[in-house]
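Within every chain, numbering begins at 1; the chains are lettered A, B, ... in the order of the sequence lines, protein sequences first and strands thereafter.
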Amino acid sequence: MDTIVLMKQIPDLAQIRIKKETREAVIEGVPLIFGDMDKNALEEAVKIKEAANTGKVTVLSMGSPKLKDTVKDALARGADEAVILTDPKFDRFNARGKALILAKAIQKIGRFDLIFLGEGSADNYSGQMAARLAELLNLPLVTYITKLEVSADRIKATRNMEDSVEVVEAPLPAIVSVTTELNKPRISSLQQILKAARKPILEWKTADLGINPADLGENDTRSLSNLAPAETRKNIILEGGTDDNLKKLVNALTQEGVWGR
Amino acid sequence: MPQILVFSEKDEIAAELLAGAKALKDGLAADISAAVLGKDAASRASQYFAAGAEKVFVGGDANLNDVYADTYAEALAQIANNNGVDIILIGSTKMGKEIAPRLAQKLGGLPDRRHRAGGRE
């Protein structure tokens, strides 16, 4: 059972600072990591390999050249090899173009039974790639999975929808997108971290994928603004004894119209 | 006249999108239509007019009885291509978030069609 796990390099959200005056996020200098759902996706692929005691897990990622470092974390978590797409030309394409590039890379990787993605990337969370790849590669797609059973030629998965829980079957090869409920990603041991240094990292550019950039759409989506929400807290602090404060609190909330709406 | 097409597999969310589309309508001088797919599509269509659709495309093909993203995206692509749709609003349910990118990938093949798949939570 060979699997491909798509992972996206993002700034560590916990370390992003917001500039109070402008509400802008400061991303410079923030370390790059893989998001939580990507780790769940990788964990599931590695578990399947370990259970079958055979098969290869390939991580595929598109991003800045820093990926060469970031991807070592994935290799330490059980991936056998990584394919990274760091050509700066890739960055100017829209989601459609990027999906085409990833599809080409998947076809070049060759053999696979399952492709794993997180439900969405932790930074953008647009969650488009799984569906776009399913269209391009003409593969069945099962999204939002919370449970997965794999057999030789099919999968059975449980999906969490808003009003229902679905159990679906699909033939292999297939694409799945995973939620954080699916599993608990392992913490790499020192031995695995050291082993990771010797695992292959393949770096592919447009020429390697046989892509003509003219065939891909330019990035026609512009981000007009990306700001943290405005703080509307009143920051009123009540000093004094509890009885007094309780009366003041009730009065304040009454004035705000919190009761009886 | 730009054509706005609205879709959600959940009627109540489609109604929200239609209300949102009305807000766009004046600014863009657009026509608003909605797609209703699946079981009882024909009988569900009338409430869409009440919610603000000027035209309703009904897809009652048996292949649409089960809500699958690939068949629904295909139906919406055909509706969009055959009716000169310019802007598509899709409800941001889990199903919608799978249908929209499939639809976008399908429609991208026509360079003179701009499409925006998105919607309200």
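- Residues of residues 168-184 of chain A placed with any heavy atom under 4.5 Å of a heavy atom in chain B are absent; none qualify.
- Formation of a donor-acceptor pair under 3.5 Å by the Arg159(A) side chain with backbone atoms of Glu166(A) is not found in this model.
- Rounding to the nearest 0.5 Å gives a distance of 11.0 Å between CG of Asn63(B) and OH of Tyr68(B).
- The closest side-chain heavy-atom distance from Trp204(A) to Ile109(A) is below 4.5 Å.
- Side chains of Ser61(A) and Gln9(A): a donor-acceptor N/O pair is absent below 3.5 angstrom, by distance only.
- Applying the side chain to side chain donor-acceptor pair (under 3.5 Å) criterion to Glu43(A), with sequence neighbours excluded, gives Arg186(A).
- Both the backbone and the side chain of Leu141(A) come within contact range of chain B, judged by heavy atoms closer than 4.5 Å.
- Looking only at distances, no side-chain donor or acceptor of Asp12(A) sits under 3.5 Å from a matching main-chain atom of Leu32(A).
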